[in-house]
Amino acid sequence: MKEPRSRRKPDFKQAVYPWIPLVYSSHPMRVSTTFLLLIATAASAFAQAPKPVAERLAAQNALFDEQYESDLRNFPERATAFGDYRYNDRLAEYSLEAIAKRHETDEGFLKRLEAISTSDFSDQDQLSHDLLIRVLQQRIADFGLKEYEMPINQQNGIHTNLADLPLAVPFDSVKHYEDYISRLHQISRALSQVTEVLRAGMKDKLMPVRFLAEKVPAQCQGIIDADPFVLPTKKYPASISPEDQKRLTQEINDAINTDVLPAYKTFAAFIRTEYAPLGRTSLSVTSLSDGQKRYENDIYARTTTHMTPDEIHQLGLREIDRIEAEMTAIAKKAGFADLASFRASLKTNPKYKPTSAEQILEDFRHYIAQMGPKLPELFTLLPKSPVTVEAIPEFQAAAATHYVTGTPDGKRPGRVVVATTKFADRSLVDDEAIAYHEGVPGHHMQLSVQQQLEGLPKFRLHGLGFNAYIEGWALYAEQLGKEVGFYQDPVSNYGRLSSELFRAVRLVVDTGIHAKGWSRDQVVDFFRKSGAVDEPTIQSETDRYISWPAQALSYKLGQLKFRELRERAQKELGAKFDLRKFHDEMLDGGTLPLDMLEARTDKWIAQQKAK
């Protein structure tokens, strides 16, 4: 029986696409071409119509969390550094298979993230979207060039990173000690996997410079001799019973003697007898396969700019001229005929020559401590985590002074780790500037504040590898001491300019090595003529630029961008410009590529003008 017309169910096509008029055919079983075209067009439009903003935003935030958690599982040591101790009993997998699997994971996350439409997202949500895309794209680009096949150098690598494990956690419970023991047992596996990766580099002729690779076995021997792995047994918290202390000490010593030290000896022997002898003889990274592309990738990854090597080289030369003019003014004001005679006097003035390694450390502690009470004049966002100062271990003497982040809860403080070897050949002249750079208001300030930020995805609370922002901020921060009344000694102010000159020289010598074919002697000679740093620093820094292409470019390029943005804000805002608010704006978005930082700052300037 035929259903009454008023009760007949609507046609399916009309129910799904109610805006499409029904088309009837004189042949009931034959659908017209016109109708099929209409259906196809409507279906396409329906499929492409973005989902509601709330739904897309929820999907994006869920993906952010998933990607962040994936990284923590894949890199347990990184989780520990972030103060997340869920994976403290594990070391990362370093095998070629694991590297390939992580690459596939990165590609999957990138594809999913790019599929999320950001139409009508807030500026902050759009920025988070674009930022993670940039991170994943850079990882994928690095993988394509097989950057992972050169994971060690004379500065750092798995051999030095593992030696820092005793300082990675607070060791305030039996669980922390037992997790540490578990990690000690995995060191042999980790070093073996890295050996597998290095063999792949040997096969693909992706090798470090030979004379630098030859330094790694001595570093390994230094670690064996120092045995830092035993440090956690030297002092136990009172909450751990004597019985547990005895047991844990025995287990740690057994792991060190059975697994750790033999593994280091095997690794050192492999580097010495098989790997280093095949190291390349050319200093330039462009001598490797895809060399030009490789250096361009390094520049973009570490500076987030598309400047050419020659543009960077010429900028460095101009900056050297500008800074030396300021230095000359200080020299003449001090009664010297020229900059050269002023520098010569500093080299022989005992006031600026350290008498011990401890004096250098005390210098840093003094300057960081005096800056602390001045921070409220420059910021409203202030770090909550403490910071300590320590010497670089002897086995890592090739490393430069650097900063190691603490944890958000402050249980593990931030650490300024200072180069003090061959102290008699060093100078105290630039200690004040470097203390501000590594401590506050530089690295410790920026990275600690970043860990405290609220309302951002978790992945934005950490460094992300955008060196131009991180190092650019720290170099910019050196000048802030002058703005709050420090650098009272003209020589100390000269030291600040020396620190800046040092970073300008880097623009010239890094591009000199990797784009212009400079020899090591040319770099050393250029450094000496600049008068920027002392001899031990010249030697270690020259080797650093050879082994770490473009990283040293990030400091000056980043600093110049921060200065440019400040000058722009001051010019456009006039009386409305507030230095503290500007600095807060620079920090409260977390680490960003320079182009994203600039776009964000321009929006902030417009908002301030509208108030």
Side-chain angles (χ1 to χ4, degrees), residues 319-336 338-371 374 389 400-403 416 418-420 422-444 471-506 527-538 540-541 552 555-556 559 563:
E319 280 293 285
I320 289 170
D321 289 343
R322 178 187 64 79
I323 296 164
E324 286 185 340
E326 291 187 45
M327 291 174 142
T328 300
I330 291 176
K332 289 185 175 180
K333 191 174 181 180
F336 290 84
D338 53 29
L339 181 57
S341 57
F342 179 65
R343 282 175 170 161
S345 74
L346 294 180
K347 289 182 178 179
T348 57
N349 190 333
K351 179 180 178 182
Y352 303 109
K353 302 297 291 183
T355 57
S356 67
E358 186 59 31
Q359 184 182 1
I360 299 173
L361 298 178
E362 284 303 315
D363 235 20
F364 273 74
R365 292 181 183 119
H366 165 72
Y367 291 125
I368 291 172
Q370 77 173 9
M371 177 58 80
K374 294 287 188 178
V389 175
T401 296
H402 58 277
Y403 173 74
V416 174
V418 183
T420 60
K422 298 182 180 177
F423 65 84
D425 295 327
R426 296 185 181 274
S427 170
L428 301 173
V429 167
D430 57 358
D431 281 5
E432 183 170 6
I434 299 174
Y436 300 151
H437 180 112
E438 303 294 347
V440 289
H443 285 320
H444 180 68
E471 297 297 353
W473 170 263
L475 183 54
Y476 166 81
E478 292 180 21
Q479 76 186 51
L480 298 182
K482 190 171 178 60
E483 297 183 38
V484 292
F486 296 137
Y487 298 112
Q488 289 295 319
D489 182 347
V491 172
S492 203
N493 192 35
Y494 165 84
R496 175 185 67 81
L497 290 170
S498 289
S499 179
E500 188 178 359
L501 177 64
F502 175 30
R503 279 34 180 248
V505 168
R506 285 174 168 179
F527 248 130
R528 286 174 180 159
K529 287 178 179 176
S530 76
V533 287
D534 54 37
E535 190 63 25
T537 304
I538 289 173
S540 63
E541 288 291 309
Y555 299 71
K556 200 76 182 76
Q559 178 222 28
R563 282 185 173 178

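A quick note: this is a predicted structure, and the numbers were derived from the prediction, not measured. For the numbers below, each heavy atom of this structure counts, side chains included, while hydrogens, waters and symmetry mates do not.
Using cut-offs of 30° and 60° for the angle between ring planes, the His437 and Tyr555 rings count as parallel.
Ala329 pairs by the side-chain contact (heavy atoms from CB on, under 4.5 Å) definition with nothing, not counting sequence neighbours. By the side-chain contact (heavy atoms from CB on, under 4.5 Å) test, Ser356 pairs with Glu358, Gln359, sequence neighbours left out. Shown here are the side-chain contact (heavy atoms from CB on, under 4.5 Å) partners of Thr420, two or more places apart in sequence or in another chain: Ala357, Ile360, Leu361, Ala391, Val418. Checked against salt bridge (charged side-chain N to carboxylate O under 4.0 Å, His left out), Arg506 has the following partners two or more places apart in sequence or in another chain: Glu541. Among residues two or more places apart in sequence or in another chain, the side-chain contact (heavy atoms from CB on, under 4.5 Å) test is passed with Asp430 by Ile434. Qualifying ring pair (Phe, Tyr, Trp, His ring centres under 6.0 Å) partners for Tyr487, counting only residues two or more places apart in sequence or in other chains: Tyr436. Annotation: salt bridge (charged side-chain N to carboxylate O under 4.0 Å, His left out) contacts of Asp489 (sequence neighbours excluded): Lys351. With sequence neighbours excluded, the residues satisfying side chain to side chain donor-acceptor pair (under 3.5 Å) with Arg528 are Glu535. Evaluation of the salt bridge (charged side-chain N to carboxylate O under 4.0 Å, His left out) rule for Glu319 yields Arg322, Lys556 as partners, not counting sequence neighbours. Residues passing the side chain to side chain donor-acceptor pair (under 3.5 Å) test with Thr537, sequence neighbours excluded: Asp534. Checked against salt bridge (charged side-chain N to carboxylate O under 4.0 Å, His left out), Lys529 has the following partners two or more places apart in sequence or in another chain: Asp525. Partners of Tyr403 under the ring pair (Phe, Tyr, Trp, His ring centres under 6.0 Å) rule, at least two apart in sequence or in another chain, are His444.
Not one N or O on the side chain of Arg426 forms a donor-acceptor pair closer than 3.5 Å with the backbone of Pro354.
Between the OG1 atom in Thr328 and the OH atom in Tyr494 there is a gap of 9.5 Å [rounded to 0.5 Å]. Rounding to the nearest 0.5 Å gives a distance of 15.5 Å between CZ of Arg365 and CD of Gln370. A distance of 10.0 Å separates CG in Asp338 from CZ in Arg343, rounded to the nearest 0.5 Å. Rounding to the nearest 0.5 Å places NZ of Lys347 at 16.0 Å from OH of Tyr352. Considering NZ of Lys332 and CD1 of Ile330, their distance stands at 13.0 Å, rounded to 0.5 Å. The CG atom of Leu501 sits 12.0 Å away from the CZ atom of Arg496 when rounded to the nearest 0.5 Å.
Between Ser498 and Ala532, the shortest heavy-atom distance links the atoms CB-O, 3.7 Å. Residues Trp473 and Pro441 come closest through the heavy atom pair NE1-O, 2.9 Å. When all heavy atoms of Glu324 and Leu339 are compared, the pair lying nearest together is O-CD2, 4.1 Å. Here the closest heavy-atom approach between residue Ala504 and residue Ile320 is recorded as CB-CG1, 3.9 Å.
Looking at Ser499 and Arg503, their side chains do bring a donor and an acceptor atom within 3.5 Å of each other.
Looking only at side-chain heavy atoms (C-beta outward), Glu432 and Glu478 stay at 4.5 Å or farther from each other.
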Is there a side chain to side chain contact (heavy atoms under 4.5 Å, CB included) between Val491 and Phe342? Walk through the geometry before answering. CA-CA 10 Å; Val491 172; Phe342 179 65; 4.2 Å; yes

Stepwise, does the side chain to side chain contact (heavy atoms under 4.5 Å, CB included) test hold for Glu500 with Gln559? CA-CA 9 Å; Glu500 188 178 359; Gln559 178 222 28; 3.3 Å; yes

For Arg563 and Gln479, what are the C-alpha separation, side-chain angles and deciding distance, and is it a side chain to side chain contact (heavy atoms under 4.5 Å, CB included)? CA-CA 10 Å; Arg563 282 185 173 178; Gln479 76 186 51; 2.9 Å; yes

Stepwise side chain to side chain contact (heavy atoms under 4.5 Å, CB included) check, Met371 with Val484: CA-CA 9 Å; Met371 177 58 80; Val484 292; 4.2 Å; yes

